[in-house]
Amino acid sequence: MNTKLIQETDQLLKKLFPICRSLTGSGARKTLHTLKKLCEFNIMDIPSGTQCYDWVVPNEWNITDGYIKDNTGKKIIDFKENNLHVINYSEPIDEIIHFSKLKKHLHTLPNMSKAIPYRTTYYKKDWGFCLTYDQFKKLDKNGTYHVFIDSSLKPGSLALGEGLIKGTSGKEFLFSTYYCHPSLANDNLSGIVLWILLYRYMKSRKTKHSYRFVILPETIGAIAYLSQNKKIMKKIKGGFVLTTVAGRQGKVGYKSTFLGNDIMDRIVFQTFKELNINFTQYPFDINGSDESQYSSPGFRIPIGTITKDKYFEYDYYHTSLDNLDFISAENLIKIFRIYVKVIENLEMNVTYNSLCPCGVPQFGKREDLNYPHIGGFQNQRVYDLKKEQRTLSNLNAMKWLMFCVDGKTSLLDISEKSNIPINRLYDTAEKLCVHKLLEVII
Amino acid sequence: MNTKLIQETDQLLKKLFPICRSLTGSGARKTLHTLKKLCEFNIMDIPSGTQCYDWVVPNEWNITDGYIKDNTGKKIIDFKENNLHVINYSEPIDEIIHFSKLKKHLHTLPNMSKAIPYRTTYYKKDWGFCLTYDQFKKLDKNGTYHVFIDSSLKPGSLALGEGLIKGTSGKEFLFSTYYCHPSLANDNLSGIVLWILLYRYMKSRKTKHSYRFVILPETIGAIAYLSQNKKIMKKIKGGFVLTTVAGRQGKVGYKSTFLGNDIMDRIVFQTFKELNINFTQYPFDINGSDESQYSSPGFRIPIGTITKDKYFEYDYYHTSLDNLDFISAENLIKIFRIYVKVIENLEMNVTYNSLCPCGVPQFGKREDLNYPHIGGFQNQRVYDLKKEQRTLSNLNAMKWLMFCVDGKTSLLDISEKSNIPINRLYDTAEKLCVHKLLEVII
Amino acid sequence: MNTKLIQETDQLLKKLFPICRSLTGSGARKTLHTLKKLCEFNIMDIPSGTQCYDWVVPNEWNITDGYIKDNTGKKIIDFKENNLHVINYSEPIDEIIHFSKLKKHLHTLPNMSKAIPYRTTYYKKDWGFCLTYDQFKKLDKNGTYHVFIDSSLKPGSLALGEGLIKGTSGKEFLFSTYYCHPSLANDNLSGIVLWILLYRYMKSRKTKHSYRFVILPETIGAIAYLSQNKKIMKKIKGGFVLTTVAGRQGKVGYKSTFLGNDIMDRIVFQTFKELNINFTQYPFDINGSDESQYSSPGFRIPIGTITKDKYFEYDYYHTSLDNLDFISAENLIKIFRIYVKVIENLEMNVTYNSLCPCGVPQFGKREDLNYPHIGGFQNQRVYDLKKEQRTLSNLNAMKWLMFCVDGKTSLLDISEKSNIPINRLYDTAEKLCVHKLLEVII
């Protein structure tokens, strides 16, 4: 199963990587339809020109070709070799121009001479090419060049993908990712693939809470989505932006919500503790992804992000070296499993009321609670240590629950105090409910 | 006086140690009556079968003899040598049985081969012997043994001891200990003896607050007491469980209340600071003593515990090696003195109102406040340093009090801020009351 | 300008140093009138005998001469050489007395044998001389001496200086200093000079908040002022006592307000951070200056103090060695500039409301906000780093503001979170107001 999932992930990454995605256009649409085949979700189209708060949905951009030819007619830069070569949202051009003019439209990374940078010009008409610094250095400063971009900028629409898994608790959580980057692997093809895997997994199980999965172009997409769903968003308790989850380089990371100690943050820290994961904690920063939109003053939804090589933190970020070699399906699935555990902990973070609040209950008289009838043991002095630890651990969960539960304290609270994993507290609490010692509140 | 108190303590420990105590029965009653001779308190009997919340008071257990004889008729295990040999609450038995059957009723400590463990079977009918691992190893695995326990389990009652020292403030504090352990010295003969000494001391002085002293069997006793005194318990502001206070091994310890920063905790920390005592701080844990009952959701009384070799923390815990050699009367009296100081600080933790809230008062015009009429000194530059420090210290107390007092801030609050001991603040505040600069609120 | 200000400061220090100031009298009045020439403020006279809360304004003290002559008629101690030689508020005397009687009226510092201590006897009739321990040792223990003090203690008045700079915000801040020390340079001639410079500077600029500058004798002056202005004081949000600001020895220091984390404290910490000043933090202490009056229970105004060699913390404190050699005009102006920056930060600590709370605004469509139209950069990968950093820094300020502003969060709050200086946030916020993205609340 594990191997099968990793193989499927690997194939999906390879299939989606070459597509030239952008805010809008056929690449974006092709990506969404590929994902949809794995698990059904809705796609909404928002027409170009639609006002979304301070923003307007831009024209749709499509591109079929783009190159620079030298005066011998040789293609020296070719969009078909790497779609990063043409600045995203470049307007069409077909001209012979001198190097001195061309230069202003070229983008390179002198400090990383073999990497093509990723550049965009979404909201101002412009055109340009991105190339390696090695390529740039070979250009003839007195030469003339044929620059050609076969793109179009016309009224069309922006596509938003949305899937809702309905629970019964009245609580809803958001999982958002962005699809607008072209052939860049960790940022953010990895996030796209994690998104569909997590959505499909969640659809396959019964959940107590509701989970809203959205996939959209960064910034304008999130703002457009918010503007169309203002009331719904007010009910969302928290969520995650799925991004940069498969890098091969650094540690697992967590970027906190703007609150820093919200339930979203605490449930992630608790999950890392339970999984014994050593991680880098990034404080909230205004620079990042769509948490800036979801957490903006009008919404204030606490949004966290679990990463494997977080954006900004690896050298290849936003360059052609953030390609399939930089990531691995294994790492992606590792983060997938963390998110699954986070969701399980969210599902099990119940608040109970006590039906036996005065003193500890007499566990011993309820046979299936396995309370040892011989007393007096000291933990360390028990000869059948293994069996005893299991018993003690169950006893501890029962005792902590019956001591803490008061209609306000959640299992997350009790877990943080007692160091007992949420799932063990949950299993024990459910057993205590059967015995009418506890009852569920929320 | 000190020596006399230590001698008296030592004698009391020796007198009470051999008695076979349990939840109920003649050993418990004999212990209570011995204590009562030192200082009068009430003994209430709760009949077997009485429902107490989730519990029922068990039958009374009495035991006169118990042994294992080998097939030569030789007593190889004898209750009369050490009352730990018979599991507490064992039912009677008189049988010749094979080792293979006997084995299931034997309890040893393989890692501590010279110690008899302490075991109980309060709520399930069973019988058994505890013996050293060295004794166990000598048994003939093919032999037969005569097992004999002359015990009885019959309707009777559970005894609760209670003494109330009434104050005038309307605030009440609880001091609880448990008498149910047989011949075990630190846990908890030491707590029993401290309890009677502290109760007698408190009865001998006038107090502002009320102090409720209870002595009972652990768990069932506390729950029975709570169930009979629910309304009264609601008025109790906090308290202490007296246990394990005379060990010879480790440091003074403090197990925090479930709140961790309650006035109970703060007054203990302040007292340790004033007495310059280096202590081990134990966080609240659900495993412990009757704080679990008093602090349970239905009561939430903050309960702390000051220890000398805390239960769980010493190797000999719940074994025959926790005997009179492991403890000392000197250590017990050391903890006695700490509790006395804690109580004195509780008594002096007054909240005042200011009658001169605008600016510092002119101390100098009130002759008996000893305000120096020559000004300009810098603390470090004073040649008669000793006298000056005393004066400065008095001045500081006056200044801090007049600055902080506002009808809400207690002397404990001021002491924590100013590092001036509560008793010095109290003496100074009382003087300032005479001068109508302060008045008592509570 | 800098040099000019330092020169002016230096001259002022030299001019004011020799004057024998006290709680009252001609020296105090001469000091106030010298300051008044630099910048107009009101002087109020409170008659001797006026009741001020627990205090009564004392008689006015004036002194013209004072000496000790030996039996050859030689002046061995002379007030005219150093006005510290006569205890402040000494009553007149003209007697020939034996050393054994004189001794009780002599004050020295055995540990600092070349320093004359500063001593006062404001509220009890007494007389005395202060002298160096070296001088004291030379006295003939069997000799007789002519002691002469030409002073007077008569009904008069106590002078309070007050200047008010009125703003429009409805918020008022207090800057207080004390003039009562005679020829002592750091404590507190430096505070007096800083007071007039800061007052003159504030009068020369337009302010949003109101600033109340008061100069008075320590303790009795502050209490008298409070008693006459009770209602006005209730509106004051916080302030500073200006004292000991020009020492040559130690680090810049800050004594916290009694709250420790008030806006006064936070604005000072933020200012030190912005100015990259390494400072010593002193917790609030009841021993100090007039913060004890302004922060007393009846007023509770949070008062901080920025120092250069804080009182109590330097050896020469309250001795003749705290003279012009110990201080420098440069240090005084350094603290002046810190206070100016603190005030600027107070002025700019605005709270805004957002007019675009849903998602980040589209900065790019507003040309003068200089939002770069090419996207995709990673900070570290930009080749024109210098220009880019400036842009990024502006962008960060815009983004943090639009993210945080919610009608409650102040620029100080945002500055602490974002590490962006208050003035940059302020400039950016004002620009965003022009674009109707923000609006001022307070």
Side-chain angles (χ1 to χ4, degrees), chain A residues 351-367 369-385 388 391-409 413-414 416-420 425 428 432 435-439 441, chain B residues 52-56 84 87-89 107-112 115 117-126 128 130 133 181 184 218-220 222-227 230 233 258 260 283-288 290-300 311-319:
Chain A
T351 299
Y352 296 90
N353 197 25
S354 178
L355 299 173
C356 180
C358 294
V360 70
Q362 192 179 358
F363 296 124
K365 73 185 186 191
R366 294 160 176 99
E367 289 212 353
L369 293 183
N370 297 315
Y371 195 89
H373 83 275
I374 297 288
F377 291 100
Q378 180 183 9
N379 307 6
Q380 296 87 326
R381 307 268 149 262
V382 176
Y383 53 98
D384 188 354
L385 195 60
E388 192 60 28
T391 308
L392 283 172
S393 162
N394 282 329
L395 283 184
N396 272 339
M398 289 198 284
K399 287 182 188 172
W400 273 107
L401 282 163
M402 292 311 303
F403 186 82
C404 293
V405 163
D406 56 6
K408 290 169 293 185
T409 305
D413 297 326
I414 301 175
E416 288 171 342
K417 271 183 214 173
S418 67
N419 286 315
I420 300 171
L425 288 176
T428 307
L432 296 174
H435 283 282
K436 305 224 181 298
L437 290 171
L438 296 183
E439 64 180 354
I441 295 281
Chain B
C52 304
Y53 298 124
D54 194 46
W55 299 69
V56 171
L84 296 177
I87 290 191
N88 213 292
Y89 256 73
H107 299 262
T108 64
L109 293 171
N111 294 328
M112 202 188 290
Y118 162 54
R119 294 290 177 266
T120 67
T121 181
Y122 297 140
Y123 299 102
K124 186 170 177 186
K125 283 193 179 173
D126 195 359
C130 300
Y133 193 60
H181 289 31
L184 292 166
E218 217 173 2
T219 310
I220 179 65
I223 289 170
Y225 188 80
L226 285 170
S227 76
K230 181 142 195 183
M233 299 313 280
F258 73 101
F284 178 78
D285 184 66
I286 193 64
N287 292 299
D290 287 326
E291 62 276 11
S292 296
Q293 317 313 329
Y294 300 127
S295 307
S296 65
F299 299 97
R300 290 295 193 230
Y311 53 84
F312 299 158
E313 305 295 327
Y314 59 100
D315 290 344
Y316 295 169
Y317 168 75
H318 275 198
T319 77

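Here is the naming used below: chain letters follow the sequence lines, and residue numbers restart at 1 for every chain. What you see below is based on every heavy atom in this structure, not just the backbone, and it leaves out hydrogens, waters and symmetry mates.
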(request) Kindly write out the residues that satisfy side-chain contact (heavy atoms from CB on, under 4.5 Å) with B/Ala222, not counting sequence neighbours, or none if the list is empty. (result)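 Applying side-chain contact (heavy atoms from CB on, under 4.5 Å) to B/Ala222 gives B/Leu216, B/Asp290, B/Gln293, B/Tyr294.
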Heavy-atom contact with chain A under 4.5 Å, split by part of [X]:
X	value
B/Asp126	side chain
B/Tyr311	neither
B/Ile223	side chain
B/Ile87	side chain
B/Ser227	neither

(message) List the residues meeting side-chain hydrogen bond (donor to acceptor under 3.5 Å, both in side chains) with B/Tyr123, not counting sequence neighbours, and say none if there are none.
(response) none
(request) Select one option (side chain, backbone, both, neither) describing which atoms of A/Cys356 are under 4.5 Å from chain B's heavy atoms. (result)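 The side chain, not the backbone.
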(message) Can you tell me which portion of A/Lys417 sits under 4.5 Å from chain B's heavy atoms? Options are side chain, backbone, both or neither.
(response) neither
(message) Once rounded to the nearest 0.5 Å, what's the spacing between atom CG of B/Leu109 and atom CZ of A/Phe377?
(response)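 That separation rounds to 9.0 Å.
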(request) Measure the spacing between CG of B/Asn287 and CZ of A/Phe403 and express it to the nearest 0.5 Å. (result)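 It is 11.5 Å, given to the nearest 0.5 Å.
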(message) Test your reading of the model: is there a side-chain donor-acceptor pair from B/Thr121 to the backbone of A/Ile374, 3.5 Å cut-off?
(response) no
